[in-house]
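What follows is a short report on a single structure.
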Amino acid sequence: MRLVVSEKNIAARRIAEILAVGKPKAEKVYTTPVYTFRRDGEDWVSIGLKGHIMEVDFPETFEDTELKKWNLGSLSTLVRAPVLKLPKERGIIQSLKSLAKKAEEVIIATDYDREGELIGSDARDIVVSVNPDVPVFRVRFSAITKGEIERAFAEQDVISEELAQAGETRQDIDLIWGAVVTRYLTLAHQTKTRRPFGDVLSAGRVQTPTLKLIIDREKEREAFDPEDYWVVKGAFEKDGDRIPASHATERFKSEEAAHAVIAALEGASEGTVTGVKRTKRTVKPPVPFNTTSLMAAAASEGFAPAKTMRLAESLYMSGYVSYPRVDNTVYPPSLDLVAILKTLDAVPAYHEHVQVILRKGALTPTRGPKETTDHPPIHPTGALDPESVDAQVYKLYNLIARRFMATLSDAAVIEGTRADFDVTGQPFYARGDVVVKAGFRAVYHYGLKKDEVLPPLAEGERVAFLGAEMEAKQTQPSARYSQGKLIQEMEKLGLGTKATRHDIIQGLYDRRYVHDDPIEPTCKGRTVIEALTTYADRITSPDMTSELEAEMDAIANARASRETVVGHSRELLAGVMDKLVPIAEEVGELLKSATDEDAKVGVCPKSGHDLLIKFSPKTRSSFVGCSGYPECDVTYPLPKNAKYAALAELCPVCGTPQVKVLQFKKKPRVMCLSPICPTKKGPEILIRAAGCPTGDGGDLRVAYSAVGNRYVRCTNYENCKTSYPLPQSGDIETTDDTCECGAPIVIVHTKKGPWRICIDPACPLKSAATKGAKKGKGKPAAKAGTKKKTSTKRTGGKKA
DNA sequence: GCAAGGTC
C-alpha cells in the first residue's frame, strides 16, 4: 500500500480524487478521515494531518525541578534550556502510525512552503519510527490540479532537511524568546501585585511589534498639534429639493475671515448658478478575495478579523465557501466560474444578478495583485438559504458571494456633477453623483458612499438661498488603526501570516493590551512596550522577523546551521536578560501602576480616591471598589460575565461615574454605577422621603441592581447600606402607611390584583400579619425578595 | 500560566 500524507483533510481528499482510478472511498482510521483508492494496480491511502502534529516545549524534567514554578532567578537558565518536540495531535499520530506500519511507500505531500516541509518532516519521523525501512518521498506542487499533481507524483523527491531545520529554528527562537520575556514581564508585575497567579503579560516576535504599531500611532496622535480652521456651509433649494453646498474656500484660517463671509451673506435669499460641470468616471469591479482582503472588507461590516475567520471556517466546513486561508487573488483557469454562478442562481436574491452575468457570454473576471496557485481565491461553493443559518453567518456568506459576482460584472459608470453658485459675490459649490450604469454596483454595495443626487441645474439659473453657517474645526491626526487596517500593516511589514494575524490581534485584546475598535492601547500595553523598547528593543521591532527570515533562508541553503542560529539568538537574549533581570523591581512598579491606571473607573464621590474595577474571589465577580478601602467602603455592583471600560463622563442624570459594559453577544452599553440612578431600568419611584430607618434623612427609592433586579435602597447609599428586597414583577404603588415595625408599606400591582406588603423582610409582624389579616398581605413579599426563584410563584399563588 | 505556526 502507498500512503500519501498531506497537511490537511481537504488536500488529502482532493489528491485522492485526482490520483484515483474511479472514485476514492472515504473511510476512517480511528477518528481520522482517510481516502482509499486504486491506482496502477495498487492500493493507495491518502491521509490529511491537522497542520503541525508536533509542538515544541521545554523538557518536563526542567519544568518539574527548577522551572515548574516560574521565577525570575531561573530565567537565565531557561534562555539556554533544551527544546523538545512533543506530540500535539495524538489522534492523528496514532492513525498515521497505524497506516505507516502497512505502507510499502510513503509520499509526503504537505504544503509547498517552509512550515509544510517541517510538518512533512515530523510526519516522516513518525512513519519511520514504526516502519524504519519504508521509502519516504516528497512531492512538491503549487496547485491541487490534475496536471500539477500528476507531474509532482512523477517527479518524486526527498524531504529537504535544511528547509525543515529552518522551520525548527523558527519554532525554537519563538518559544525561547516568547517564554522568557513573557515570564519576565509576568513575574516582574507579580512582585508588586502579590497575587500569585495574576495576569500573564505576554511578549513575542510578532505580537510585540504589532502592539508597538498601535502604541506608536497613539503617540503620534498625542504629539499632534491641531490647527484651528473654519468652514462655511450653505444650502440652496430648487423645486423643494435642498442642495447642501460648501463655500469655495474650503478652509478659513481665521474666524474673522469666516465671519466676514457670513456677514456678506446677511439677508441674501437668492443665488445664481455660475456653472455646471459633468464628468463621467468608471469604477472598476473589485478583485477576488484572499484572506487579507476578505478580513478587511468584513471589518468594514463590523466583523473582527478573528470572527471573520471563525465564520469563514464554518462556512468552508459546511461546503458553502472555498478554503479561506489563501494569498491568491487570481481565479485559476481550472475554476468553473459558470458552474458556480449556476449554483448561486438557486439563491433568490442572486438570481437576477447571475442572469445578468451569464448573458454577457464570455466571462473576464478581475485579477488581484497576488497570484499564487495553492488555492483559488475565496469564492462561494454552495447556495446558502438565508433562513437556514444565523444572520451573522449569512452576512459573511453574502459578502463572499456578492464579491464573487462583482468580480465577473462590468465596471460601474458614475456621473459626477459639480455646480457652482454665487451669492452676493460669495462663491459656493455643490457636488452630486449619479450612477449611470450600475455594473458591479448592482450586486456589490459594500464600502460605497450613498449617492448625492443634484436636481437638474442650468448655468445662469437663479435658485433660492437658504442661508449659511460657519463651523469651527480642527485638523485631525492620523486615525487609530482599525483591525482591518492593522492586518494590512502587519502584512506589509511581514509580521505573522495570513493564518495567524487575526489571532495575534485577538491576543492583544485578550491580554488587555488594547481595547475598542479602532484600536486604542491600554496603559498596560503602553508600559509593556516602554519597558521592552529600552532593554529588549529586538523583540519590539519587525526587524526581528525580517532578520529571522534571512537566517532561515541561509539555513535552507545550507549556508548556516540551526545550532549556530539558535545559539546566537540565545546569546542575544541572554544579553537582554542580563539587563532586564536586575531592574525587575522598577519594571514591576511601572507595570503595577499601569494596570491600576487601567482599572480606574472614576473618582469616589465619598472619599475622592480612585474607583477601581476589582475582582472578588469570594463571589467570583467583579465590582467597583474605592481604592481608599478599608477607610472608605464605597462599592458598586457590576453585571456578571461582562467586561468593563472606564468612561470619563459622569452620569448626566445623577453625576455618579459610569462604565461601559461589554457583554457577549450584546451591544456595548453605558451604565451608571449608581444603583438608584433613574437611568436604570424602570421608573424612578420614591418610596418614602427621609424615611430611611437609620434616621440620617436619606430617601428610600426603588433601585436596580447590576443585573436589573429591583429593590429598595437608601439614597445615601454611599454611606448607608439600608436596602429591602422587592418582588420583581408588578407595578409598585407607594402609600403613606407605615407598618407597625416602622418600615413603609407599598402596594404591588400584579396581573392578578394588588397586594400590600411591608418592605422589611425581617418585619416581626410578618407571620402574624399573614395569618391574621387578608391573605397575601406580607409574607409573600418577604419571600419574594429574599428568595428570587420562589418569589414569582408565591406572589402569583398567594395574591388575594 | 509562556510564542507562533499549522488546521478543525
Side-chain angles (χ1 to χ4, degrees), chain A residues 6-12 31-33 48-58 62-63 67-72 74-75 78-79 81 83 85 88-89 91-92 110-123 164 166-190 195-211 291 309-318 323-326 374-375 490 494-508 510-511 539 544-545 548-549 552 569 573:
Chain A
S6 40
E7 192 159 317
K8 46 190 161 281
N9 182 45
I10 183 181
T31 56
T32 312
L49 307 176
K50 282 185 180 172
H52 286 286
I53 52 173
M54 303 290 282
E55 67 186 335
V56 287
D57 206 347
F58 300 111
F62 250 78
E63 300 277 341
L67 297 176
K68 175 139 194 183
K69 264 202 165 170
W70 295 7
N71 73 76
L72 280 168
S74 65
L75 285 183
L78 195 67
V79 168
V83 174
K85 199 166 250 194
K88 180 170 198 280
E89 297 290 340
I92 297 270
T110 46
D111 290 1
Y112 186 10
D113 54 30
R114 187 172 55 226
E115 296 297 328
E117 205 72 11
L118 174 54
I119 291 165
S121 146
D122 287 342
E168 288 186 319
T169 305
R170 180 207 55 75
Q171 286 187 322
D172 291 356
I173 290 174
D174 280 343
L175 174 67
I176 296 165
W177 278 78
V180 169
V181 180
T182 297
R183 289 187 190 190
Y184 173 80
L185 292 172
T186 307
L187 292 167
H189 183 225
Q190 267 168 32
R195 276 175 62 193
F197 292 108
D199 286 349
V200 170
L201 304 191
S202 64
R205 173 178 58 84
V206 179
Q207 61 169 272
T208 306
T210 304
L211 176 58
T291 306
M309 291 315 287
R310 198 170 59 244
L311 296 178
E313 182 73 36
S314 79
L315 281 167
Y316 158 65
M317 291 307 285
S318 41
Y323 190 69
R325 285 179 284 272
V326 289
D374 47 352
H375 300 276
M490 290 171 77
L495 292 172
T497 72
K498 61 180 183 290
T500 59
R501 288 185 195 114
H502 61 274
D503 282 338
I504 297 281
I505 295 176
Q506 190 56 50
L508 297 179
D510 293 346
R511 296 284 186 216
I539 204 174
M544 181 169 175
T545 292
L548 181 63
E549 287 291 337
M552 286 194 294
S569 191
L573 178 58

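Chain letters run A, B, ... following the sequence lines, proteins first and then strands; every chain starts at 1. Being a predicted model, the structure only gives us computed values, none of them experimental.
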Using whole Å, what does the distance between atom [atom2] of nucleotide [N] and atom [atom1] of [X] come to?
| X | N | atom1 | atom2 | answer |
| --- | --- | --- | --- | --- |
| D174(A) | dG6(B) | CG | P | 11 Å |
| I504(A) | dC2(B) | CD1 | P | 14 Å |
| D113(A) | dT7(B) | CG | C1' | 13 Å |
| K498(A) | dA4(B) | NZ | C1' | 14 Å |
| L185(A) | dG1(B) | CG | P | 18 Å |
| I539(A) | dC2(B) | CD1 | P | 15 Å |
| E168(A) | dA4(B) | CD | P | 19 Å |
| Q171(A) | dC2(B) | CD | P | 18 Å |

Whether [X] contacts [N] is assessed here as follows: a side-chain N or O lying under 4.0 Å from the phosphate OP1 or OP2. Is that the case?
| X | N | result |
| --- | --- | --- |
| R501(A) | dG5(B) | no |
| T500(A) | dA4(B) | no |
| R325(A) | dT7(B) | yes |
| K50(A) | dC8(B) | no |
| Q207(A) | dA4(B) | yes |
| R205(A) | dG5(B) | yes |
| T186(A) | dC2(B) | no |
| R114(A) | dA4(B) | no |
| S202(A) | dA3(B) | yes |

Please determine whether any donor N or O and acceptor N or O are separated by less than 3.5 Å between the side chain of D57(A) and the base of dC2(B). yes

Quick one: does E89(A) reach the base of dC8(B) with a side-chain donor-acceptor pair under 3.5 Å?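 Such a pair is found, so the answer is yes.
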
List in chain and number order the residues that pass salt bridge (charged side-chain N to carboxylate O under 4.0 Å, His left out) with E115(A), two or more places apart in sequence or in another chain; answer none if no residue qualifies. R170(A)

Quick one: pull up CD1 in I92(A) and CG in L49(A) and give me the separation to the nearest 0.5 Å.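 I92(A) CD1 to L49(A) CG: 6.0 Å, rounded to 0.5 Å.
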
4.5 Å side-chain heavy-atom contact, T182(A) and W177(A): no

Sub-4.5 Å side-chain heavy-atom contact between I119(A) and I53(A): no

What contact category does [X] fall into here, base, sugar-phosphate, or nothing, at under 4.0 angstrom with non-hydrogen atoms?
| X | value |
| --- | --- |
| G496(A) | sugar-phosphate |
| E55(A) | nothing |
| V180(A) | nothing |
| Y323(A) | sugar-phosphate |
| R310(A) | nothing |

Quick one: do E168(A) and K85(A) make a salt bridge, cutoff under 4.0 Å?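 Counted as a salt bridge, because a side-chain N and a carboxylate O are separated by less than 4.0 Å.
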
Is R511(A) paired with D199(A) through a side-chain N to carboxylate O contact shorter than 4.0 Å?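 Between R511(A) and D199(A) there is no salt bridge, as every charged N stays at least 4.0 Å from the carboxylate O atoms.
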
Those residues that, when tested against Y316(A), pass ring pair (Phe, Tyr, Trp, His ring centres under 6.0 Å) (two or more places apart): Y323(A)

Out of [options], whichever nucleotide has its closest atom nearest the side chain of [X]:
| X | options | value |
| --- | --- | --- |
| D111(A) | dT7(B), dC8(B), dA3(B) | dT7(B) |
| Y316(A) | dG1(B), dC8(B), dG6(B) | dC8(B) |
| V206(A) | dC8(B), dC2(B), dG5(B) | dG5(B) |
| V56(A) | dC8(B), dC2(B), dA3(B) | dA3(B) |

Stacking of W70(A) on dG1(B) base (centres under 5.5 Å, planes under 30°):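 Aromatic stack with dG1(B) present for W70(A).
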
